[in-house]
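Notes follow once the structure below has been shown.
Chain letters run A, B, ... following the sequence lines, proteins first, then strands; residues in each count from 1.
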Protein chains: 2
Amino acid sequence: MQDPYPHPEIEAVPLTEVLHALSDPLRLRILATLAADGERGWGAFAAGVSPSTLSHHMKVLRQAGLVRHRREGTRCVVTLRDEIGARFPGLLDTVLALEAQAEPAS
Amino acid sequence: MQDPYPHPEIEAVPLTEVLHALSDPLRLRILATLAADGERGWGAFAAGVSPSTLSHHMKVLRQAGLVRHRREGTRCVVTLRDEIGARFPGLLDTVLALEAQAEPAS
DNA sequence: CCCGTTGTTCGATGATCGTCGAATATCGAA
DNA sequence: TTCGATATTCGACGATCATCGAACAACGGG
């Protein structure tokens with residue numbers, strides 16, 4: 001799990017992979033929290049799922065170019081990757097806006 | 001396969017289901033064609049996949065509230081369901097615009 | 001009334017997914 | 001250096017998915 005997490009080239013991410021990454025309630029919730037509150041530690045999303053499950057979803061988001069992971073001592077910080085807005089303009093904004101309005105309390 | 005195809009209430013469709021329906025290249029291509037050229041018969045999309053596979057994807061799109069199916073004699077016509085624009089404003093437009101620009105020749 | 005066209009349904013198969021627990025690795029603190 | 005906190009990896013499991021071929025149903029035309 002060494003520091004250099006594998007982050008893909010944003011240009012190499014296909015649209016369908018991003019859409020698939022967005023099509024899960026937990027992952028959507030993670031992105032919404034990040035968009036609203038800025039970067040967070042792992043633990044902010046640990047409720048309800050096991051550590052390994054959370055790690056899996058984080059990897060999906062990272063491989064889809066949606067988030068960036070950074071090591072900070074013993075814990076890990078996740079950030080929204082804003083290049084996604086350049087690669088697929090409007091996509092994340094639109095989806096997060098809809099998620100906020102349609103699934104208010106998830 | 002009787003005429004009354006089961007079309008879901010648009011309000012009952014969750015966002016994640018729509019996103020999942022959009023996260024497939026063939027389904028995305030079907031929607032793009034519909035958006036560009038208006039309603040089409042089944043056969044317009046039969047290239048490359050077996051009839052049963054196509055039928056499966058059509059069902060996914062229908063259940064996600066994205067298209068409407070109408071029987072016309074022995075063949076079947078598929079239309080974009082525009083209520084999706086009221087349920088999830090901007091979503092389909094955004095995705096189709098990105099698909100057109102990012103995956104020009106699929 | 002039979003037949004061809006068209007789409008659906010039904011297994012079946014191999015792939016992927018979401019989830020978990022257990023084992024492991026890394027780091028900071030005592 | 002030992003320990004606890006934190007995150008990853010590794011099977012494993014059941015569920016879902018994308019795909020196909022074969023069998024079936026519905027319709028229109030000869």
Side-chain angles (χ1 to χ4, degrees), chain A residues 1-8 13-31 33-34 39-64 66-79 106, chain B residues 1-8 13-31 33-34 39-64 66-79 106:
Chain A
M1 93 171 106
Q2 46 278 22
D3 204 331
Y5 286 89
H7 291 92
V13 178
L15 175 59
T16 48
E17 181 172 352
V18 176
L19 289 169
H20 171 248
L22 293 174
S23 70
D24 177 275
L26 175 57
R27 293 195 288 259
L28 221 43
R29 194 155 51 84
I30 292 175
L31 293 174
T33 303
L34 290 177
E39 72 179 31
R40 303 296 288 267
W42 236 230
F45 311 105
V49 286
S50 77
S52 46
T53 299
L54 183 60
S55 189
H56 163 68
H57 286 298
M58 287 300 186
K59 191 187 206 169
V60 172
L61 288 174
R62 176 171 10 107
Q63 288 177 340
L66 285 164
V67 303
R68 191 176 289 284
H69 289 160
R70 168 169 42 93
R71 188 144 205 87
E72 196 129 311
T74 164
R75 80 189 55 194
C76 191
V77 177
V78 53
T79 324
S106 98
Chain B
M1 99 175 97
Q2 44 277 25
D3 206 331
Y5 286 90
H7 290 93
V13 177
L15 175 58
T16 49
E17 181 171 353
V18 177
L19 289 170
H20 171 250
L22 293 175
S23 69
D24 178 274
L26 174 57
R27 293 195 288 259
L28 222 42
R29 194 155 50 85
I30 292 175
L31 293 175
T33 302
L34 255 38
E39 72 179 31
R40 303 296 287 266
W42 237 229
F45 312 103
V49 286
S50 76
S52 44
T53 300
L54 183 61
S55 188
H56 163 67
H57 285 298
M58 288 299 187
K59 191 188 207 168
V60 171
L61 289 174
R62 176 170 11 106
Q63 287 177 340
L66 285 164
V67 302
R68 192 176 289 283
H69 289 162
R70 169 168 40 94
R71 189 142 204 90
E72 196 128 308
T74 164
R75 81 187 54 194
C76 191
V77 177
V78 53
T79 323
S106 101

Side chains of residues 47-62 of chain A: which donor-acceptor pairs under 3.5 Å do they make with residues two or more places apart or in other chains?
| from | atom 1 | to | atom 2 | distance (Å) |
| --- | --- | --- | --- | --- |
| A:S50 | OG | A:S52 | OG | 3.1 |
| A:S50 | OG | A:T53 | N | 3.3 |
| A:S50 | OG | A:T53 | OG1 | 3.1 |
| A:H57 | ND1 | A:R27 | NH1 | 3.1 |
| A:R62 | NE | A:H69 | ND1 | 2.8 |

Is A:R71 close enough to D:dT6 that one of its side-chain N or O atoms is under 4.0 Å from OP1 or OP2 there?
no

Test log, rule side-chain contact (heavy atoms from CB on, under 4.5 Å), inputs B:V67 and B:L31
CA-CA 8 Å; B:V67 302; B:L31 293 175; 3.7 Å; yes

Taking all non-hydrogen atoms of both residues into account, name the closest pair between A:V13 and A:Q63 and its distance.
CG2-O, 4.1 Å

Just the rounded figure in Å: distance from P of C:dT16 to CG of A:L19.
19 Å

side-chain contact (heavy atoms from CB on, under 4.5 Å), that's the test. Do A:V78 and A:R68 meet it? Break it down for me.
CA-CA 6 Å; A:V78 53; A:R68 191 176 289 284; over 6 Å; no

Show, in sequence, the C-alpha distance, side-chain angles and deciding distance for A:T16 and B:L22, and conclude whether the side-chain contact (heavy atoms from CB on, under 4.5 Å) test is met.
CA-CA 7 Å; A:T16 48; B:L22 293 175; over 6 Å; no

Calculate the interatomic distance between B:H20 atom NE2 and D:dC17 atom P; express it in whole Å.
5 Å

When you check the phosphate oxygens OP1 and OP2 of D:dA5, does a side-chain N or O of A:W42 lie under 4.0 Å from one of them?
no

Between C:dA15 atom P and B:D24 atom CG, what is the distance in whole Å?
18 Å

Considering all heavy atoms, the nearest A:E39-A:L34 contact
CA-CD2, 4.2 Å

Rounded distance (Å) that lies between atom C1' of C:dC17 and atom CG of A:L26
14 Å

Apply side chain to side chain contact (heavy atoms under 4.5 Å, CB included) to B:R75 and list each qualifying residue two or more places apart in sequence or on a separate chain.
none

The criterion is side chain to side chain contact (heavy atoms under 4.5 Å, CB included); which residues satisfy it with B:T33, sequence neighbours excluded?
B:D37, B:R40, B:F45

Identify, residue by residue, the members of residues 46-64 of chain B with a heavy atom below 4.0 Å from DNA chain C, and return them in order of residue number, or none.
B:P51, B:S52, B:S55

Roughly, in whole Å, what's the span from CD in B:E17 to C1' in D:dT16?
13 Å

Can you check the A:R27 CZ to C:dT19 C1' distance for me, whole Å?
12 Å

Roughly, in whole Å, what's the span from CZ in A:R70 to P in D:dA7?
13 Å

Mind jotting down which residue pairs meet the salt bridge (Lys or Arg N to Asp or Glu O under 4.0 Å) criterion with at least one end in residues 43-53 of chain B? Sequence neighbours excluded, please.
none

Is any side-chain N or O of B:Y5 closer than 4.0 Å to OP1 or OP2 of C:dG7?
no

Polar pairs (N or O, both sides) under 3.5 Å between protein and nucleotides 1-5 of chain C?
| from | atom 1 | to | atom 2 | distance (Å) |
| --- | --- | --- | --- | --- |
| C:dT5 | O2 | B:T74 | OG1 | 3.2 |

